[in-house]
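One structure below.
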2 protein chains.
Amino acid sequence: MAQPELATLDHESRIAADDHQSIRLWLRLLTCTNLIEKRLRSRLREEFDTTLPRFDFLAQLERASDGLTMGELSARMMVSGGSVSGLATQLESEGLISREPVPENRRTFCVRLTRQGKRRFSEMATQHELWVMEMLGCLNASEVDDLMASLKRLKSCITATEQGA
Amino acid sequence: MAQPELATLDHESRIAADDHQSIRLWLRLLTCTNLIEKRLRSRLREEFDTTLPRFDFLAQLERASDGLTMGELSARMMVSGGSVSGLATQLESEGLISREPVPENRRTFCVRLTRQGKRRFSEMATQHELWVMEMLGCLNASEVDDLMASLKRLKSCITATEQGA
DNA sequence: GAATAATATTTTAAATATAAAATGTTTTGC
DNA sequence: GCAAAACATTTTATATTTAAAATATTATTC
């Protein structure tokens with residue numbers, strides 16, 4: 001009974017079904033990301049009176065002990081140069097980062113965490129990690145590994161299809 | 001040789017390792033979502049001179065043939081009421097949606113696609129589906145199914161840890 | 001049934017996003 | 001070496017986001 005029905009699914013129908021499956025996967029991915037992002041956003045506001053972009057800015061610097069240029073920050077944070085510029089102005093005025101000119105290339109700046117920025121970030125990072133653990137922690141190690149592998153493959157699929165079409 | 005080393009990983013170390021793995025998973029998820037979102041955003045701009053939130057607004061209505069209230073739209077789109085309100089004002093002025101009062105409850109509106117909105121959305125949806133296929137299409141059916149299952153589990157993990165902590 | 005609480009939406013204020021133009025610096029090509 | 005191109009950043013103008021206040025309606029409670 002099942003086989004004849006399957007046989008009636010022609011190539012076009014199957015393609016259409018796959019289409020919908022792709023869309024469904026994309027929507028599910030988006031939902032998960034939105035849920036996590038919103039939770040982190042509200043916790044950062046409640047507990048540290050800050051925002052996700054500002055946290056992310058500091059996090060990128062924490063990972064790069066030699067400092068980063070504005071362009072590198074823009075690429076790693078995946079936001080426009082204008083955004084990075086505005087965030088940097090704020091964080092600099094709060095004393096959390098420094099923006100020093102580079103003698104060899106006067107077009108660029110080297111952005112670093114200040115001592116205060118490091119201290120402040122580490123307070124937030126500890127909590128941030130707990131919040132993420134809280135949300136992802138019920139996945140066991142092999143589930144996490146599976147997801148990591150699948151998403152790695154997905155990422156390479158996405159970047160394989162180049163932007164300029 | 002491997003067992004003794006594993007044995008030296010005490011509970012705390014293993015927890016720390018898991019923490020980082022959770023963060024890495026979260027960042028990878030975010031990267032994938034950002035890549036897809038940016039691509040869709042720029043394509044929608046280039047080809048239809050519109051934005052992702054506006055497309056999403058219409059898409060939610062397309063799926064709900066009986067129309068939706070502003071609050072339902074807000075929940076399904078996972079954005080604030082204020083955003084929905086602003087988007088509705090725009091889309092209404094462009095003639096793509098209608099916002100009719102509901103006699104039984106004068107607080108709410110019933111939002112629907114207009115004929116023009118349906119036509120416009122279907123043009124965009126066709127392309128949108130192709131763009132998503134383009135990015136996710138290199139995953140085979142079983143990879144997609146695996147991801148769907150993993151993300152479903154992830155979603156239930158996230159929502160299981162309730163917001164109000 | 002009047003006062004209070006809950007609900008649905010819009011408006012407001014502040015922050016953030018982008019694209020594109022402007023500015024200043026370095027590199028390239030002749 | 002000078003003009004043109006490429007590069008890195010900031011500024012500008014516009015659009016979007018959110019949280020919270022304001023508005024209006026409905027439901028509850030005593």
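Naming: A, B, ... by sequence-line order, numbering from 1 per chain.
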Exercise for review: Determine, step by step, whether B/Leu154 and A/Glu143 satisfy the side chain to side chain contact (heavy atoms under 4.5 Å, CB included) criterion, reporting the C-alpha distance in whole Å, the side-chain angles of both residues, the deciding distance to 0.1 Å, and the verdict.
Suggested key: CA-CA 9 Å; B/Leu154 174 57; A/Glu143 287 176 312; over 6 Å; no
Revision key, fill the gap. Here the ring-ring contact (aromatic ring centres under 6.0 Å, His included) pairs for residues 104-125 of chain A, sequence neighbours left out, are A/Phe55-A/Phe121
Check your understanding: So if you build clusters from Ile, Leu, Val, Met, Phe, Trp, Tyr with side-chain heavy-atom gaps below 4.5 Å, do A/Met124 and B/Leu27 land together?
Key -> yes
Point to revise | Pairs flagged by disulfide bond (SG atoms under 2.5 Å apart) wherever residues 124-157 of chain A is involved - sequence neighbours left out | key: A/Cys138-B/Cys157, A/Cys157-B/Cys138
Nearest heavy-atom neighbours spanning [X] and [Y]:
X       : Y       : answer
B/Ser85 : B/Arg99 : O-NH1, 4.2 Å
B/Gln60 : B/Leu68 : O-CD1, 3.7 Å
A/Ala88 : A/Met70 : CB-CE, 3.7 Å

Check your understanding: Can B/Glu134 and B/Arg39 be counted as an ion pair, charged N to O under 4.0 angstrom?
Key -> yes
Review point. Of all of residues 61-71 of chain A, which get a heavy atom below 4.0 angstrom from DNA chain D, listed by number?
Key: A/Thr69, A/Met70, A/Gly71
Point to revise | Exercise: do A/Arg43 and A/Gln127 side chains pair donor with acceptor under 3.5 Å | key: no
Revision key, fill the gap. Sorted by chain and residue number, the side chain to side chain contact (heavy atoms under 4.5 Å, CB included) partners of B/Ala75 (sequence neighbours excluded) come out as none
Exercise for review: Please find the earliest and latest nucleotides of DNA chain D, in the 5' to 3' direction, that have an atom within less than 4.0 Å of any heavy atom of chain B.
Suggested key: D/dT16 to D/dT26
Point to revise | nucleotides 11-26 of chain C: protein proximity per nucleotide (B base, S sugar-phosphate only, - neither; heavy atom, under 4.0 Å) | key: B----SBB-----BBS
